[in-house]
> 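Take a look at the following structure, please.
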Amino acid sequence: MQQQSHGWEVITGWLADKELKPFRFQEDAWKAYQQGHSGIVNAPTGFGKTFSLFLGALIAWIDAHPKDYQRKQKNGLQLLWVTPLRALAKDLGRAMEEVILELGISWQVGIRSGDTPLAARAAQKKQMPEVLIITPESLHLLLAQKEYPQVFKHLQAVVVDEWHELIGSKRGVMVELALSRLRGLLTQEGRPPLKTWGISATIGNLDEALEVLLGPYHSNGIIIRTNLKKNIQLQSVIPHEMENYPWAGHLGTKMLPQALPIIEDSQTTLIFTNTRSQSEIWYQSLLREEPMLAGALALHHGSIDMELRIWVEEALHNGILKAVVCTASLDLGVDFRPVNSVIQVGSPKGVARLLQRAGRSGHQPGAVSKIFFLPTHALELVEAAALKTAMEEEVIESRMPVLLAYDVLLQYLMTLAVSDGFHAPQIFEEVRQTYCYQHLTEEEWKWILSFLTTGGDALAVYDEFKKLERQGDYYYCKSRMLAMRHRLHIGTIVSDAMLKVKFMSGGYIGVIEEGFISRLQPGDSFTLAGRNLEFVLIKDMTVLVRKSNAKRTIVPSYQGGRIPLSANLGRMLRRKFNEALSRKTKDPELLALQPLFRLQEELSHIPKDDELLIEKIDTKDGYHLFVYPFEGRLVHQVMAALLAYRLSRIQPITFSIAMNDYGFELLSDQPVPLTTENAKTLFSADNLLTELQTSVNATETARRKFRDIAVIAGLIFQGYPGKHKANRHLQSSSSLLFNVFSDYDPQNLLLKQAFNEAFFYEMEEVRLRETLERIARSSIVITHPQKLTPFCFPIKVDSLRDTMTSEKLEDRIRKLIAVNS
DNA sequence: GACCTGCTGCGGTGTG
């Protein structure tokens, strides 16, 4: 047995006094920290991952200062605690302060983020606390300060909280870059290596998450997991009248009466919905159905004013609310102890998201997390059965790290340039130590430096794009105006322009999209934050409203992201259909769906997981072709376009396209030339990339992606805070840049990135290829139902339509030939 | 005949 250290004794003694018995994995984490390792701690929520690492830091501190660890003195910044949410910082800070106070350790905790008061930030400038809780953005703001290395002179460790949340995004890249600089600083100054720890929920690629955190060349990284399992129960709420349950739809308000008993039986319930408008509708409908809930029911989503949201969070904490209807805005965060049940309305689209939400209830070790699943249409019950099995088998999604994000790199270099300037060879080395930029070539690096100094081939004539000056290997930003503008723009979250909504009498309610309000006339009523509001006028980019007594109001919809069904869930879903008609199935969801399955089998077929079902149906609308890969709407959208293109090469034919997460439809006014003989060829993965480029309008998708890239890279100034430029301006200037680069600087890396992102994120190219390969191994079943089937109905209902005509295609092909010859 | 779509997250005009 290894001799325990002094710090170890102090901490275990303190815990024993409080009658707290640490988990084995917590002790493992302390030990690993103390021994100078870096790594990731992985355990279910509510098991004290955070606590264990913080205690590890304290043990290390006591060990280093055994005699005077309690002496009041200023020690400088020792520990950086990175969190993705400002809201987490406050709670965490409070908890840490408590421990420090009780142990009498000479440490102070500070918070650094946009919502810390100016005075606190000014004080930090003079004297940093020993522990600083910070967001990735604020960390980069620290790097943008003059003489920033001073700040980190005593830094020993960085802990990244909720690393699974950051890893798949450009915010994660910001963390990678900041870590590379901090490691570089410590090495330059000959100090012991930086300890880096991540705290993560379970994801499919935890090993990769470790590599991203520590860089691909790390050697001392370890993953500390617990074998303790969280007990999670998923219970589907089966519609009382299955026969009348809709085949399509997404709101699920039909199930509302069956949600009420759950709410009544629990102390506090969180009701998760998929969209903001859906949460508004549920809130209103619940109050209508059960007026007794007035005052005990609240609403929480991303477009509701921060102050109102904070009020709801506090009220939840204090246990005065019976239920809260919310979106993903309450996925993470504050430890809502009083929550004892969770209702998920509609598909969560992925296993990880379901686990995350279930974990909001029973948030202590040993407690059971219970989540009720409320289907919004019949087939969603199959998803519920699939989710249950996926949870049992722990099939959890991976979060793919972002690679070669040139925009974030440009921003980072500008950050370093406006502080002390940077030594290019040194920074190049550091940057290449990160996972994101490990394959950055010297050529690309040169392009990036020259882009920052000259504006590149296309923008060389405009002075405002000559941002940096070069002296030997050093690069600086001398312009104070550019430096100030840059500090205002640090970060990778690019939001759409939203208008604030405010009562005439004062008081903010939330935000709303420009496009929505432009369709309203003064006097019209709409709903926001659960209130009925009458639109009065727009003044200074603010929508002024008064209370409305109107019976009918419009619920605004927002142009949000569209999360596709995850690959894991899709796979599980296909598997579930194997059991659909089997007498052996025990899943209550599948049993309830028997009548629907029988109808589907009678009219058409239920595909097994090694089959691809295609339905050909003729109606007065035309000739329909329905295909069911169950791979999420993004893959379906591209597959539909690809198939339409390939069919149109057999004979000129025009299609309209519709899709959902289960499948897609091609509709034409002439018979579709797809047969048992040519089906496999039509779904082949051969020539995928070339045919994708002709069938899908990749340029348009890339153009949309380019907008965010241009903002992050600092090419578009979004205006000063408070005086937001209208979205139109943003859109047009980014579109202009896109054109200019396409015409005069086709080698532009940002342009290349836009296309990469379009293929990777908007078309899920990798998943598409895998799907086509799977289809090649499957048998294709073509049926000819006499009328619409339960499977195709939801797609038919989907209003989103793309049209593509072979005429247009011919034009494109002609152009292509002209360019080539 | 069956249908009201589309999440979250951060930063903040300044050094004598």
Side-chain angles (χ1 to χ4, degrees), chain A residues 83-89 112-116 118 121-122 125 134-141 144-146 162 165-166 168-172 174 243-254 272-281 285 300-303 306 309 326-333 345-350 353 356-357 376-378 411 480-481 483-495 554-564 596 633 658 660-661 711-712 717-724 787-790 792-800:
Chain A
T83 140
L85 261 72
R86 292 189 301 210
L88 288 176
R112 180 75 170 232
S113 76
D115 68 348
T116 7
L118 227 67
R121 269 183 282 166
K125 214 160 225 188
I134 201 166
T135 55
E137 288 81 2
S138 291
L139 179 51
H140 275 243
L141 274 164
Q145 279 177 10
K146 293 254 178 283
E162 313 273 5
E165 272 301 313
L166 290 166
S169 74
K170 290 181 184 176
R171 300 186 75 199
M174 290 186 82
E243 314 76 53
N244 297 326
Y245 204 65
W247 291 0
H250 73 279
L251 280 183
T253 36
K254 268 208 173 175
F272 281 103
T273 60
N274 281 341
T275 71
R276 284 165 276 183
S277 62
Q278 192 182 13
S279 71
E280 296 271 357
I281 291 169
S285 314
H300 193 285
H301 63 69
S303 290
M306 213 19 131
R309 287 163 65 173
C326 59
T327 60
S329 56
L330 285 185
D331 264 4
L332 274 187
V345 182
S347 165
K349 309 277 186 194
R353 195 170 297 107
Q356 179 73 40
R357 290 180 177 176
T376 60
H377 63 256
Q411 185 187 95
R480 273 162 110 194
M481 196 226 5
M484 186 197 72
R485 281 186 168 198
H486 177 73
R487 290 195 184 98
L488 282 172
H489 275 67
I490 286 183
T492 58
I493 301 169
V494 184
S495 314
I554 315 166
V555 181
S557 59
Y558 299 83
Q559 279 305 324
R562 295 174 173 173
I563 314 157
L596 184 103
R633 55 176 308 123
N660 67 7
D661 276 327
V711 170
I712 295 169
F717 182 61
Q718 283 182 297
Y720 292 99
K723 296 180 205 162
H724 258 299
K787 50 181 193 172
L788 297 183
T789 68
C792 78
F793 191 80
I795 305 176
K796 197 58 240 152
V797 165
D798 203 305
S799 59
L800 254 175

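Every chain is numbered from 1, with letters handed out A, B, ... down the list of sequences.
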> Let me know the distance between CZ of A/R353 and C1' of B/dG6, rounded to the nearest Å.
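Spelled out: CZ on A/R353 to C1' on B/dG6 is 12 Å.
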
> Please determine whether a side-chain nitrogen or oxygen atom of A/T135 lies at a distance below 4.0 Å from atom OP1 or OP2 of B/dG9.
no

> Base, sugar-phosphate, or nothing for A/T492, non-hydrogen atoms under 4.0 angstrom?
nothing

> Out of B/dA2, B/dG6, B/dC10, which nucleotide sits closest to the side chain of A/L85?
B/dC10

> Report yes if at least one side-chain N or O of A/S557 is closer than 4.0 Å to OP1 or OP2 of B/dG6; otherwise report no.
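It does, given that an N or O in the side chain of A/S557 lies less than 4.0 Å from OP1 or OP2 of B/dG6.
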
> Examine B/dC4: is either OP1 or OP2 under 4.0 Å from a nitrogen or oxygen in the side chain of A/S277? Give yes or no.
no

> Are side-chain heavy atoms of A/H301 and A/T273 found at a separation under 4.5 Å?
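A side-chain contact is absent here, since even the closest heavy-atom pair is not under 4.5 Å.
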
> Heavy atoms only, 4.0 Å cut-off, all strands: where does A/R121 land among base, sugar-phosphate and nothing?
sugar-phosphate

> Return the value, rounded to whole Å, for the distance between atom CG of A/L139 and atom P of B/dG9.
20 Å

> Rounding to an integer number of Å, can you tell me how far A/I712 CD1 sits from B/dC10 C1'?
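After rounding, the reported distance stands at 12 Å.
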
> For A/Q278 and B/dC7, what is the distance between atoms CD and C1' respectively, to the nearest whole Å?
11 Å

> Across the strands shown, which category fits A/K125 at heavy-atom distances under 4.0 angstrom: base, sugar-phosphate, nothing?
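Here A/K125 touches the bases of the nucleic acid.
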
> Quick one: does A/P136's side chain get under 4.5 Å of A/L166's, heavy atoms only?
yes

> B/dG11 P sits how many Å from A/E137 CD, rounded?
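Answer to the nearest Å: 6 Å.
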
> Under the side-chain contact (heavy atoms from CB on, under 4.5 Å) test, which residues partner A/K254, sequence neighbours left out?
A/Y245, A/P246

> Could you tell me the separation between the CD1 atom of A/I563 and the P atom of B/dG6, rounded to a whole number of Å?
12 Å

> Contact class for A/E165 (heavy atom, under 4.0 Å): base, sugar-phosphate, or nothing?
nothing

> Give the nucleotide from the list B/dG9, B/dG6, B/dT8 with an atom nearest to the side chain of A/T275.
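The closest nucleotide is B/dG6.
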
> Any N or O donor-acceptor pair linking the side chain of A/S495 to the base of B/dC10 at under 3.5 Å?
yes

> How would you label the contact of A/R480 with the nucleic acid (heavy atoms, under 4.0 Å): base, sugar-phosphate, or nothing?
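Sugar-phosphate, no base atom in range.
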
> Mind checking if A/S113 touches a base, just sugar-phosphate, or nothing, with heavy atoms under 4.0 Å?
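Since only primed, P, OP1 and OP2 atoms lie under 4.0 Å of A/S113, the category is sugar-phosphate.
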
> Between P on B/dT13 and CD on A/Q145, what's the gap in Å once rounded to a whole number?
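The answer, rounded to whole Å, is 12 Å.
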
> Taking for each residue the nucleotide of DNA chain B bearing the nearest heavy atom, is the 5' side occupied by A/G114 or by A/S329?
A/S329

> Hey, does A/H250 have a side-chain heavy atom less than 4.5 Å from the side chain of A/H377?
no

> Heavy atoms under 4.0 Å, any strand shown: does A/R276 hit a base, just sugar-phosphate, or nothing?
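Touches sugar-phosphate only.
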
> What pair of heavy atoms forms the shortest contact from A/D331 to A/Q356, and how long is it?
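Looks like O-NE2, 3.1 Å.
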
> Measure from the side chain of A/P246, starting at C-beta and using heavy atoms only, and say which of B/dC3, B/dG12, B/dT5 lies closest.
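Within the option list, the nearest is B/dC3.
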
> Looking at A/R86, I'd like to know whether one of its side-chain N or O atoms comes within less than 4.0 Å of OP1 or OP2 on B/dG11.
yes

> Tell me what A/Y245 touches on the nucleic acid: a base, only sugar-phosphate, or nothing, going by heavy atoms under 4.0 Å.
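No contact.
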
> A/K254 near the nucleic acid: base, sugar-phosphate alone, or nothing, with a heavy-atom cut-off under 4.0 Å?
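Since no nucleic acid heavy atom lies under 4.0 Å of A/K254, the category is nothing.
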
> Return the value, rounded to whole Å, for the distance between atom NE2 of A/H250 and atom P of B/dT5.
6 Å

> Applying side-chain contact (heavy atoms from CB on, under 4.5 Å), can you list everything that pairs with A/S277, at least two apart in sequence or on another chain?
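By the side-chain contact (heavy atoms from CB on, under 4.5 Å) rule, A/S277 matches A/T275, A/V555.
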
> Which part of the nucleic acid, if any, lies within contact of A/H377, taking any heavy atom under 4.0 Å across all strands shown: a base, the sugar-phosphate backbone alone, or nothing?
nothing

> Quick one: are A/E162 and A/T83 in side-chain contact, heavy atoms under 4.5 Å?
no

> Could you check whether A/L141 gets within reach of a base, just the sugar-phosphate, or nothing at all, counting any heavy atom under 4.0 Å?
sugar-phosphate

> Taking the side chain of A/A248 as heavy atoms from C-beta outward, which of B/dC3, B/dG6, B/dA2 is closest to it?
B/dC3

> Return whichever of A/S303 or A/G252 has its heavy-atom-nearest nucleotide of DNA chain B closer to the 5' end.
A/G252

